[in-house]
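So you know, we letter chains A, B, ... as the sequences are listed, proteins then strands, and number each from 1.
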Amino acid sequence: MTDEVYLVDGSAYIYRAYHAIAPLTNSEGMPTHAVFGFMNILRRLLKDKKPQYLAVAFDMRGPVFRHDIYPNYKANRPPMPEDLAVQIPYIKELVRAMNIPCFETQGIEADDIIASAAQLLSSQGKKVVVVSGDKDLLQLVNEHVVMWDPMKDKVMDIAAVEEKYHVKPEQLLDCYSLMGDSSDNVPGVPGVGPKTVEKLINQYGSLEGVYEELAGMKKSKLKERLEENKEKAFLSRDVIRLKYDAVVPAELSGYLPQEADYEKLNDLYTRLGFSSMVKEESKAIPVPTKGFKLVQTVEELNSVVEHINKAALLVIDTETTSLDVSSAALVGISLCTDLESAWYIPVGHCAEDGCLLEGQLQQATVLDALAPFLESTELPKLGHNIKYDYSVLKKSCNCTMQGPLYDTMIAAYLAQPGRRSLKLDELCLEHDYILTAFDQVVEDPKSENCFAYVGIKQACDYSCEDVYGTLVLWQAYEPLLKEMDQYKLFLDVETPLIPILADMELAGITVSGKVLEHLEEEFQEELDTLREEIHELAGYSFNIQSPKQLGVLLFEELGLPHGRKTKTGYSTDMKVLEKLAHRHEIPAKIMRYRILAKLQSTYVKSLKKLINPESGRVHTSFNQTVTATGRLSSSNPNMQNIPIRTREGNRIRKAFIPRENLVFLSADYSQIDLRVLAHFSQDAALLHAFQNGEDIHARTAAELFSVSPLLLTSEMRRVAKSINFGIVYGMSSFGLSNQLNISRKEASIFIEKYFHLYGGVKEFMGKVVAQAGIDGYVTTLLNRRRMLPDINVKNKTRREFAERTAINTPIQGTAADIIKLAMIKVVPALQKENLSARLLLQIHDELVFELPESELAETQKVVKVAMEGALKLDVPLVVNFEVGKSLAKG
DNA sequence: CTGCGATCTTAA
DNA sequence: TCGTTAAGATCGCAGC
């Protein structure tokens, strides 16, 4: 901290940031790089120098007094670029939000304001630092004033100026007058450069000095030029000369920054998409740990119970030995019901030797006491990713949480669709609380069992922070969900889905290690053979899995014609290889190699690793807060992309088998996307087709090719199917031509015909895109939102992508809504009918159950009713069933 | 060695 | 430079 006054040349740094930083836009497509660069400079100044006194000066739009003296002042400058102009108000707004004194005056420039302030303050003996890189401001340097350029981190005092320019700072004005300034269109004396000026000023002292002595100079080109341009030189000086009488505070208090308006600042940062700045600039504070209590005795546990008895909501977080449910053991539970207090109940903390530490209640004692609350169907529980806590308690503590399970992660997913992180600590930071990071409490976060070795006291603070933070978020998001009309979706769809997904994950699905083992050997043999053959044909060894090396072989060594190019080289994908297959043996072998290698690595080897040795089953994770459309996603393993189209793929499916004496029942929605499209578009032909149970692809084909349905070929149907799918994705003629290997012209004729047939669909697409343009987002039937920040941008590619998304998301998202509703209906319905069928998988439009064969007929009835009646559309929902002893089709 | 982007493939 | 949504393997590069 110093008592120097920092005067920042705001406008100069706006320009520098604008040119120095690559274009950047926020999520709405507004350019932000100048703002970003400027704020970085300002923030670095604040951080590094911690100035006690600081002010920023800006130019204002419009003519300045220099134009009166010299109308051509800056006449050669192009107008401010549009994408910079729109950023200026944000910069000024940010400086105001930071509560830094900010000066601007109509008719004068930032330089003049700085000059006035520097002179006024230095005449009072105050130290001044001019923050600028502009040489024009160097003339302000004196024994009290220095100039600092943060970009170069260089301080210029009198000595530095003299060393660099060989004149005194106060002589710089006269130097510039002679030299002129091409960037400001100030003429000076033509043909006089820095070296000449240096000589002249050093010899004669000043501009006046030069002209007084001019007559005595011997005849030369220089003398001639000086004589001819005397007026210009003096005019230039009047133009360049800084104005020292701008109105600026005379007292230091006028340069004293106040505490920032953090709310406004964060709001601006968020709008600009500067997430890193939101973090650093927030007024966030550590969570107050005063009300955090350890529960180590029965008496203390009883007092917690008494407290929860009066509560309307129980916030819970479990600490365990692993993120993976199947290997997680309980280490402790934290609870709270309001922001006054929170409790941590340790049950599994260990000493270094692995022995349980003293001062912990028995896990059973704790769960017996809490069970009435956890299992209460009345008392809502709240957690951040509560599916995990539900699963741990069910799996390792035999305690099944009931009642609504509110989840702040899901709340944030719905309320702020499209936000990048949903992690508790990041969300809390945006709500002004800094949480202790997991890495701060465990020594080696990667090693297993780690939380068990955290000290009990420290664990208490850490864990209680999490329930406290979760409650803080809930108090913010619950009203927000209501405001945004998302509360019903949250309560009636996402919340009841949580235990269903958890139970599906816990159930898992049996995978025969034996079958996989077999496949692995077989695939490996063929892969080895193929690799040898390919290397043989190539004449040298290379990595077949490297697109780069493969490209060299195919297109350079073999000289085959290359297709499209990628950013890094030639494309070698299946489409390209297919086209080369008839020219050379290698491409076909590569294709076969690719197919097998993919199956081998993704579906055989890694699937084998994920088989739980105890249960012989794999337990996927169904992620509820990942996709932009509202679909679920599945990981570890991804059970939603198990191969199906190829023969080998189907062999992998054969490894998925039901438990002994059980069968799989798969129920999939027929054409759900197109039915949703029919409902949204109200297209007469589409509605009619579905209402009459027609084969929609066949019907489309018959109309498209103008043939009777009886004469349709499978090729015609395939084309129609492609178009039907393409429509759902907002496809162009280019996309279709690519897909069908036909010309663009042919493709566009198909599309034209399609829209002629289904005029309502075309109309619907136009309407959705137009509405998205107005709202900036689209919604599904259950009001789920997706933001489309690019929907109105100038960039055609990005805008058109947003337009396709606007068309696709309501369809895909509504289909996702529907199957979620079906899941919520079907699980209790099966239970009510005393059927033992267990839901195992959801694959976007399909549900897979495991059940005794004897219950097949009755289960199908229940499933059919639940799925087909999930939501009432203007067309029927139709479900098809398949039964099998594995997941293989056919 | 780790992290990350690009490419490619799998599914709906 | 062109049909949506995902997960995941591998390569190859940049940085430590």
Engineer: Any base atoms under 4.0 Å from A:A628, or only sugar-phosphate, or nothing? Heavy atoms, all strands.
Structural biologist: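 Contact class for A:A628: sugar-phosphate only.
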
Engineer: Should the pair A:K753-A:E703 be classified as a salt bridge under the 4.0 Å nitrogen-to-oxygen rule?
Structural biologist: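 Salt bridge flag = no for A:E703 with A:K753.
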
Engineer: At 4.0 Å (heavy atoms only), tell me whether A:D673 reaches a base, stays on the sugar-phosphate, or touches nothing.
Structural biologist: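 If one applies the 4.0 Å heavy-atom cut-off, A:D673 turns out to touch nothing in the nucleic acid.
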
Engineer: Is the base of C:dT4 touched by the side chain of A:N808 through a donor-acceptor pair closer than 3.5 angstrom?
Structural biologist: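 Looking at the base of C:dT4, it does not pair with any donor or acceptor on the side chain of A:N808 (distance under 3.5 Å).
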
Engineer: Charged N to carboxylate O below 4.0 Å: is that the case for A:R718 and A:E715?
Structural biologist: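 Looking at A:R718 and A:E715, the cut-off is met.
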
Engineer: Answer with base, sugar-phosphate or nothing: what part of the nucleic acid does A:I642 contact at a heavy-atom distance below 4.0 Å?
Structural biologist: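 Touches sugar-phosphate only.
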
Engineer: Want to settle it: does A:H844 or A:K565 sit nearer the 5' end of DNA chain C, counting the closest nucleotide to each?
Structural biologist: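 Its nearest nucleotide lies further toward 5', so the answer is A:K565.
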
Engineer: Apply side chain to side chain contact (heavy atoms under 4.5 Å, CB included) to A:L887 and A:I642, showing your working.
Structural biologist: CA-CA 9 Å; A:L887 286 188; A:I642 303 296; 5.7 Å; no

Engineer: Measuring to OP1 and OP2 of B:dT9, would you say a side-chain N or O of A:T602 lies under 4.0 angstrom away?
Structural biologist: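 It does not, given that no N or O in the side chain of A:T602 lies less than 4.0 Å from OP1 or OP2 of B:dT9.
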
Engineer: Nearest to the A:P643 side chain among C:dT5, B:dA11, B:dA12, which nucleotide is it?
Structural biologist: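 Within the option list, the nearest is B:dA11.
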
Engineer: What is the distance from CD of A:E803 to P of C:dT4, rounded to the nearest Å?
Structural biologist: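 Atom CD in A:E803 sits about 12 Å away from atom P in C:dT4.
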
Engineer: Could one point to a donor on the side chain of A:R804 or the base of C:dT4 with an acceptor on the other under 3.5 Å away?
Structural biologist: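 Side chain to base: no pair present.
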
Engineer: Give a yes/no on whether any side-chain N or O of A:T572 is located under 4.0 angstrom from OP1 or OP2 of B:dT7.
Structural biologist: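 No.
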
Engineer: More than 12 non-hydrogen atoms from neighbouring residues, nucleotides or ligands closer than 6.0 Å to CD on A:E525, yes or no?
Structural biologist: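 Incorrect, the count does not exceed 12.
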
Engineer: Rounded to the nearest Å, what distance is computed from the CD atom of residue A:Q640 to the C1' atom of nucleotide C:dT4?
Structural biologist: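 After rounding, the reported distance stands at 15 Å.
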
Engineer: Can you tell me if A:R631 touches the phosphate of C:dT5, counting only side-chain N or O atoms and a distance under 4.0 Å to OP1 or OP2?
Structural biologist: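 For C:dT5, neither OP1 nor OP2 has a side-chain N or O of A:R631 closer than 4.0 Å.
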
Engineer: Any base atoms under 4.0 Å from A:F801, or only sugar-phosphate, or nothing? Heavy atoms, all strands.
Structural biologist: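 Sugar-phosphate contact only.
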
Engineer: Rounded to whole angstrom units, what separation is found between the CG atom of A:L841 and the P atom of B:dA11?
Structural biologist: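 Taking atom P of B:dA11 as the reference, CG of A:L841 is at 15 Å.
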
Engineer: Name the closest nucleotide to the A:S633 side chain, picking from C:dA7, C:dC2, C:dG8.
Structural biologist: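 The answer is C:dA7, which lies nearest to the side chain.
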
Engineer: Measure CZ/A:F622 against P/C:dA7 and give the value in whole Å, please.
Structural biologist: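 In whole Å, C:dA7 P lies 13 Å from A:F622 CZ.
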
Engineer: Is any side-chain N or O of A:S635 closer than 4.0 Å to OP1 or OP2 of C:dA7?
Structural biologist: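 No, because none of the side-chain N or O atoms of A:S635 sits under 4.0 Å from OP1 or OP2 of C:dA7.
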
Engineer: Would you call A:K889 and A:E846 a salt bridge, taking side-chain N to carboxylate O under 4.0 Å as the test?
Structural biologist: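 Judged by the 4.0 Å cut-off on N to carboxylate O distance, A:K889 and A:E846 do form a salt bridge.
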
Engineer: When you measure from the side-chain N and O atoms of A:K567 to the phosphate of B:dA6, is any distance below 4.0 Å, counting only OP1 and OP2?
Structural biologist: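 So the side-chain polar atoms of A:K567 do come within 4.0 Å of the phosphate oxygens OP1 or OP2 of B:dA6, strictly under.
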
Engineer: Select base, sugar-phosphate, or nothing to describe what A:T809 touches, counting heavy atoms under 4.0 Å on all strands.
Structural biologist: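 Here A:T809 touches no strand at all.
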
Engineer: In whole angstrom, give the distance that lies between atom CG of A:N623 and atom P of C:dA6.
Structural biologist: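 Going from CG in A:N623 over to P in C:dA6 covers 11 Å.
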
Engineer: Measure from CE on A:M731 to P on C:dT4 and round the result to the nearest Å.
Structural biologist: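 Rounded to whole Å, this separation is 11 Å.
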
Engineer: Are A:Y758 and A:Y754, when compared by the centres of their aromatic rings, separated by less than 6.0 Å?
Structural biologist: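 That pair passes the under 6.0 Å test.
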
Engineer: To the nearest 0.5 angstrom, please state how far the CG atom of A:L632 sits from the CG atom of A:L497.
Structural biologist: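 Here the interatomic distance stands at 6.0 Å.
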
Engineer: Please work out if A:V626 contacts a base, only the sugar-phosphate, or nothing of the nucleic acid, heavy-atom cut-off 4.0 Å.
Structural biologist: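 A:V626: backbone/sugar contact only, no base atoms under 4.0 Å.
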
Engineer: Give a yes or no on whether a salt bridge exists between A:R592 and A:E648, defined as a side-chain N under 4.0 angstrom from a carboxylate O.
Structural biologist: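 A:E648 and A:R592: salt-bridged.
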
Engineer: Please tell me if the side chains of A:F750 and A:L736 come closer than 4.5 Å, counting only heavy atoms from C-beta onward.
Structural biologist: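 When only atoms from C-beta onward are counted, A:L736 and A:F750 do touch, with a gap below 4.5 Å.
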
Engineer: Atom CD1 of A:I590 and atom P of B:dC8: how far apart are they, to the nearest Å?
Structural biologist: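 The distance from CD1 of A:I590 to P of B:dC8 comes to 13 Å, rounded to the nearest Å.
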
Engineer: If the cut-off is 4.0 Å, is A:R786 near the phosphate of C:dT5, judged by side-chain N/O to OP1 or OP2?
Structural biologist: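 For C:dT5, OP1 or OP2 has a side-chain N or O of A:R786 closer than 4.0 Å.
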
Engineer: Report yes if a side-chain nitrogen or oxygen of A:R645 is closer than 4.0 Å to either non-bridging phosphate oxygen (OP1 or OP2) of B:dT9; otherwise report no.
Structural biologist: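 Checking B:dT9 against A:R645, no side-chain N or O comes under 4.0 Å of OP1 or OP2.
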
Engineer: Is the distance from OP1 or OP2 of B:dT7 to the nearest side-chain N or O of A:S571 less than 4.0 Å?
Structural biologist: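 Checking B:dT7 against A:S571, no side-chain N or O comes under 4.0 Å of OP1 or OP2.
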
Engineer: Looking at C:dT5, I'd like to know if its phosphate oxygens (OP1 or OP2) sit under 4.0 Å from a side-chain N or O belonging to A:T629.
Structural biologist: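 No, A:T629 has no side-chain N/O under 4.0 Å of OP1/OP2 on C:dT5.
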
Engineer: Protein within reach of the bases, or only the backbone? For nucleotides 10-16 of chain C, mark each nucleotide 5' to 3' as B, S or -, using heavy atoms under 4.0 Å.
Structural biologist: SSSS---

Engineer: Nearest whole angstrom, please: distance from the P of B:dT10 to the CD1 of A:I644.
Structural biologist: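 Interatomic distance, CD1 of A:I644 to P of B:dT10: 13 Å.
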
Engineer: NA contact type, A:S621, heavy-atom cut-off 4.0 Å: base, sugar-phosphate, or nothing?
Structural biologist: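 Nothing: the residue A:S621, judged by heavy atoms under 4.0 Å, touches no strand.
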
